[in-house]
Student: 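I am attaching a structure below and will ask some questions about it afterwards.
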Amino acid sequence: MDTDVDDTCKAGGEGEKGKPIVVLLMGAPGSGKSTFCDQVIRSSARPWVRICQDTINNGKSGTKVQCLKNAARALKEGKSVFIDRCNLESEQRADFMRLGALQVEMHAVVLDLPAKLCVSRSVKRTDHEGNLQGGKAAAVVNSMLRKKELPKLSEGFSRIVFCQNESDVQATLDTYIGLGALDTLPHGCFGQKNPDAKVQLGIMKFLKKVDVPSNARSNASRGQDSAPPEATEVKNPICEGRENISSLSDIAGDITRLHSRGGLHCNVIANAANWRLKPGGGGVNAAIFSAAGPALEVATKEQAKSLSPGNAVVVPLSSASPLHISEGVTHVIHVLGPNMNPNRPNCLDGDYVKGCKILRMAYTSLFEGFLSTVRSQEKLPKGSIEKIGSKPSVLLGHSKDAPKIFSLKSDQKIKRDGVYEHERSKKCKGSQNEVGSDINVSRAGKVNANNDNTGGSNSKVWGSWAQALYNIAMHPQKHKDDLLEIADDFVVLNDLYPKAKKHILVLARCDGLDHLADVSKEHLQLLKMMHAMGLKWAEKFLLEDASLVFRLGYHSVPSMRQLHLHVISQDFDSKHLKNKKHWNTFTTAFFRDSVDVIEEISNHGKATLMDEESVLLMELRCHRCRSAHPNIPRLKSHITNCRAPFPASLLQNGRLVLAPSNT
DNA sequence: GTTCTAGAAC
DNA sequence: GTTCTAGAAC
């Protein structure tokens, strides 16, 4: 900070001796204004009063007039005063500046900390006096910062201090804490580095437009004179459709007119879509679909029928679309953020921690989707974009990360064609030669069990490391030393990496039965036999140790190929249980109890499955008392001691298997 | 599925 | 500084 080495002057300095001080704090929610006041008041020898509009009315929010009255009263009593409100606009400050008439010193302390810090603090806090916290805080902070006007001496301040980071704040704190009743501070402006910077510089650099609001207009006229933008040119690559997230809307305005109105060359625009990927709704989604014309709806349908939170889908825009012709937009990336609306799927029910994770996933999906369009353009000759537009799967195929971006869950009807499948198959390292480009042939006919690692399922590709159980199931005699029991339809073996004191697998030997998704009514008898075999072994273990409790079930989406039933003791006392996925695959709805699977297959012909990603999103909760824990070590130390009864749902329908003495 | 490890979080 | 997670590689 540019302040003098020793800021304080003893009585007789520039300021006038003994005058009370009014300090107007300025800063966004979360900038630390209240903390600043509290720290000074706690440690200063000078009498201070904090005037806070959020609490001035007997602890409740009050009016500006009440603030002014209370401030004037305190000043007349010889106390100094902090005005603890945002005070970001000069108009808001003007009324308080009238206090200067009361023969007091007017100071401003500007807590001009990075926007993202203020946002994260205000989102996380849970005890804010003005109840500005949680999800709504981010929008409020961004909106307030857009209107920020830094204070000037001409407004009537005798001293202004700007704090741009934590150490500036600490230095200013020290100055005010050390200020005795009769001390004064030098007049002037201190610490200002970046006058009136409302927008994060990084964003401006990203857009290569350092002074946008003023020259956007002139660029607009230039844009209108020139020919439509080149389809393959990537200049300002991507613009965010959701206005309250960044300051981009200040710059770009209407996302559907970035070129014609804003002079920005954006080939790819992001749309904060709805889960059905339909036009309509309000705001950005409706505007983009409307500007793009029916071509976008058609192209979107070709890519996906719906989208779950955190995912994105890249839609190439036909060259006939008005948005393509007049704005040069070649792709729209639909992206779906977290949902707090109980009337829509995947409602998070106020869980902002999960919400933040999904938001992060959404941004990652968006940027990876964008990357896939850039990679495609790099590999293809100029002018070939239109061709790509008619074959969207080529675009996806060029990105090695494509399957991750589009998060291919079984319930998302993503269209695939041969090219895309081929690219996907390359992910199976060590086996691509076997599968090769004939994947569609092997898919079309019945799978050759020995050569095709894609298995009998039509929705999952298995890595080479995922074949171990399959190999055992097909050739049990080769592995007989490792097996507990071999029967005609299944084998029993210890899990190689047991996640509990006792953890065995009952492995189906039926070829083509890779996982639960492949199971149908014809396998009902097999499921029942596997269950009976699991029970037999659980009971055997219970004879050896009556304190154990067993659960029998399947993973919704297993990592290892070949249907296998887990029989696992509920102590989870194992060095192999190391991460969140391990825990959540055995203790959440991802684990499908064998009894329930049998019932569902019997009644509906298929089992309900939970998707894989959800497992990693869920917090770590004790399987007995349901308490939440921050990490695996803490969870493990909790479960060693937790003796709470198991949740009621587990105690029903024979989901838990206990020793006869414990039932 | 595991192992390894960079780097985030504390 | 250590602990812990998460992604890549297998």
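Order of the sequence lines sets the chain letters (A, B, ...), proteins ahead of strands, with each chain counted from 1.
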Student: Can we call the ring centroids of Phe550(A) and His566(A) under 6.0 Å apart?
Tutor: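 When the ring centroids of Phe550(A) and His566(A) are compared, they turn out to be at least 6.0 Å apart.
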Student: How does each nucleotide of nucleotides 1-10 of chain B score, in 5' to 3' order, for protein heavy atoms under 4.0 Å: base (B), sugar-phosphate only (S), or none (-)?
Tutor: BSS-------
Student: List for me each residue that meets ring-ring contact (aromatic ring centres under 6.0 Å, His included) alongside Phe590(A), sequence neighbours excluded, and say none if there are none.
Tutor: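 For Phe590(A) the ring-ring contact (aromatic ring centres under 6.0 Å, His included) partners, ignoring immediate neighbours, are His555(A).
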Student: Identify whether any heavy atom of Ile632(A) sits under 4.0 Å from a base atom; if not, whether one sits that close to sugar-phosphate; answer base, sugar-phosphate or nothing.
Tutor: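 Touches sugar-phosphate only.
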Student: Flag the pair Arg509(A) / Pro476(A) as yes when at least one side-chain heavy-atom distance between them is below 4.5 Å, and no otherwise.
Tutor: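 Side chain of Arg509(A) against side chain of Pro476(A), heavy atoms only: contact under 4.5 Å found.
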Student: Kindly write out the residues that satisfy ring-ring contact (aromatic ring centres under 6.0 Å, His included) with His638(A), not counting sequence neighbours, or none if the list is empty.
Tutor: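 Residues passing ring-ring contact (aromatic ring centres under 6.0 Å, His included) with His638(A): His629(A).
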Student: Does Asn165(A) reach the main-chain N or O of Asp168(A) with its side chain, forming a donor-acceptor pair under 3.5 Å?
Tutor: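 Checking the backbone N and O of Asp168(A) against the side chain of Asn165(A), a donor-acceptor pair under 3.5 Å is found.
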